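Below is one structure, written out as structure tokens; comments come after it.
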Protein chains: 2
Amino acid sequence: MHKREVIGINTLAYGLLSLLTVSPSYGYDLISKIKLFWPANHGQIYPLLAKLVDNGLVSYEQVQQCDKPDKKVYSLTESGKAALLDWIAKPTAAPALRDELALKTFCIRKTEPATARSLFAARIGFYKQNLKDLQDKENLLKEKLAIDDLSQIPFDSPYFGGYLLIQKAVWNITSDLQWCEWALKLFEKHLAERQL
Amino acid sequence: MHKREVIGINTLAYGLLSLLTVSPSYGYDLISKIKLFWPANHGQIYPLLAKLVDNGLVSYEQVQQCDKPDKKVYSLTESGKAALLDWIAKPTAAPALRDELALKTFCIRKTEPATARSLFAARIGFYKQNLKDLQDKENLLKEKLAIDDLSQIPFDSPYFGGYLLIQKAVWNITSDLQWCEWALKLFEKHLAERQL
DNA sequence: CTTTTCATGTAATCTGTTACATGATTGC
DNA sequence: GCAATCATGTAACAGATTACATGAAAAG
């Protein structure tokens, strides 16, 4: 007996299944959640959800709301849960980072140090906002779970994965921020030298 | 007088122009270089280089080699240099990271802690190899420039940008590594608790 | 003798972004 | 009055991956 090949189901699709392990949800909400750790937009997600239904990995229920549009609330099927577990055990693809600032950095010497400085200053502002948002999210989680030390969240809590990812983001953004600030200091140094 | 709109030239294209500021180069070499800080493959790059020629941003010369295939050596044109400077001054897009491990982490509670452990152990191995490669590259740069403190590289050196990017990668990978190791410890803790 | 490296290209397919499309409600 | 939020969808286009295609030399 061999498994039926699940066709056209990509990494993003597994990400959606992953979100649905916490609780049933609908497209609009899944979009806002997945965006926190995987770039995606509604033009991808609505068709993908339909495909997941076709493949029998999720099922949905039409839910009517008062003063709001109807929504389709999706849940994992048994087949969806099985597909998810198979995927987790498979080798994980290497991470892919696309950062335009890195490409600009490569030829940064072609600009004035002052231009370089404003380029990096803008990115630093971006990261600082990100960091604030993450701290808010962390605090929200603490309130919701009514614990102060989030590392006490049990392995099988529905919030365990989300907590790990908040920490990942904090670590990553902190390192990016440090790099930007270090580079900025270098630019300042070169600016000062030029003015001698 | 307004500038002619440069059409169909994307971020990867600017990345190629960026590489060409250091020295003229050919497709095969540009692929290996750009891969260090932007995911791309030859199926994209050869057609893009042709497009850049059509747009007059680069020009090429066919170069014959003994015992090796011919190659097309591309150089920046004046128009290419101008396009590059325009691009640097424009607002920079936010970085986009796609990491399958993050999606898996979100539903990690659905696996055994032992599975989680091997998932993260594999990624730790990957990052450690990455770090070694980076250290090699750093040492190579030190030898080539015959200096021990790379932060002394002048702003207008052709190696300045590359040096900044090596440091960025070191910072990033170190933070990823620390996160993985922290998560691994959490898994170990949970494993130990289960065995009580 | 087979795989890797060098070197370039195209074609098919898949993934991702932006625009088009609808429509009610809430806040400014 | 106008933009944003909620909610779903499709279509057109752009970007990325993989496979197909060639061919010589070097390394194992």
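Every chain is numbered from 1 and lettered A, B, ... according to where its sequence line falls, protein lines coming before strand lines. These numbers were taken from a predicted model, which means no experiment stands behind them. The analysis underlying the following values was restricted to heavy atoms, covering all of them including side chains, and did not include hydrogens, waters or symmetry mates.
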Which whole-number value in Å describes the distance from [X] [atom1] to [N] [atom2]?
{"X": "A:L48", "N": "D:dT10", "atom1": "CG", "atom2": "P", "value": "12 Å"}
{"X": "A:K33", "N": "D:dC6", "atom1": "NZ", "atom2": "P", "value": "13 Å"}
{"X": "B:Y46", "N": "D:dT22", "atom1": "OH", "atom2": "C1'", "value": "13 Å"}
{"X": "B:I45", "N": "D:dT17", "atom1": "CD1", "atom2": "P", "value": "10 Å"}

If you compare every side-chain N and O of [X] against the phosphate oxygens of [N] (OP1, OP2), does one of them come in below 4.0 Å?
{"X": "A:Y28", "N": "D:dT8", "answer": "no"}
{"X": "B:K68", "N": "D:dG23", "answer": "no"}
{"X": "A:Q65", "N": "D:dA7", "answer": "yes"}
{"X": "A:Y26", "N": "D:dA7", "answer": "yes"}

State whether the side chain of [X] and the backbone N or O of [Y] hold a donor-acceptor pair below 3.5 Å, judged by distance alone.
{"X": "A:K71", "Y": "A:V63", "value": "no"}
{"X": "B:T77", "Y": "B:L57", "value": "yes"}
{"X": "B:R98", "Y": "A:P39", "value": "yes"}

N/O-N/O pairs, protein side and nucleotides 1-3 of chain C side, under 3.5 Å:
none

| query | Does a side-chain N-to-carboxylate-O contact under 4.0 Å join A:D29 and A:K33? | reply |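 Yes.
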
| field | Lys/Arg-Asp/Glu bridge criterion (N-O < 4.0 Å) met for A:E61, A:K72 | value |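 A:K72 and A:E61: not salt-bridged.
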
| query | Are B:Y28 and B:V58 connected in a single hydrophobic cluster, I mean Ile/Leu/Val/Met/Phe/Trp/Tyr linked by side-chain heavy atoms less than 4.5 Å apart? | reply |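 Yes: a chain of side-chain contacts under 4.5 Å links B:V58 to B:Y28.
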
| A:A116 to A:T111 - nearest heavy-atom pair and separation |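 Nearest heavy atoms, A:A116 then A:T111: N-OG1, 4.0 Å.
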
| Out of curiosity, B:Y74 OH to B:L16 CG, how far, rounded to the nearest 0.5 Å? |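 The OH atom of B:Y74 sits 10.0 Å away from the CG atom of B:L16.
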
| DNA chain C: A:P69 or B:P69, which has the more 5' nearest nucleotide? |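 Counting from the 5' end, the first nearest nucleotide belongs to B:P69.
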
| field | Test log, rule side chain to side chain donor-acceptor pair (under 3.5 Å), inputs B:N172 and A:N172 | value | CA-CA 6 Å; B:N172 285 164; A:N172 285 165; over 6 Å; no

Got a list of protein N/O to nucleotides 15-21 of chain C N/O distances below 3.5 Å?
from	atom 1	to	atom 2	distance (Å)
C:dG16	OP1	B:R98	NE	3.2
C:dG16	OP2	A:Q44	NE2	2.6
C:dG16	O5'	A:Q44	NE2	3.3
C:dT17	OP2	A:N41	ND2	3.1

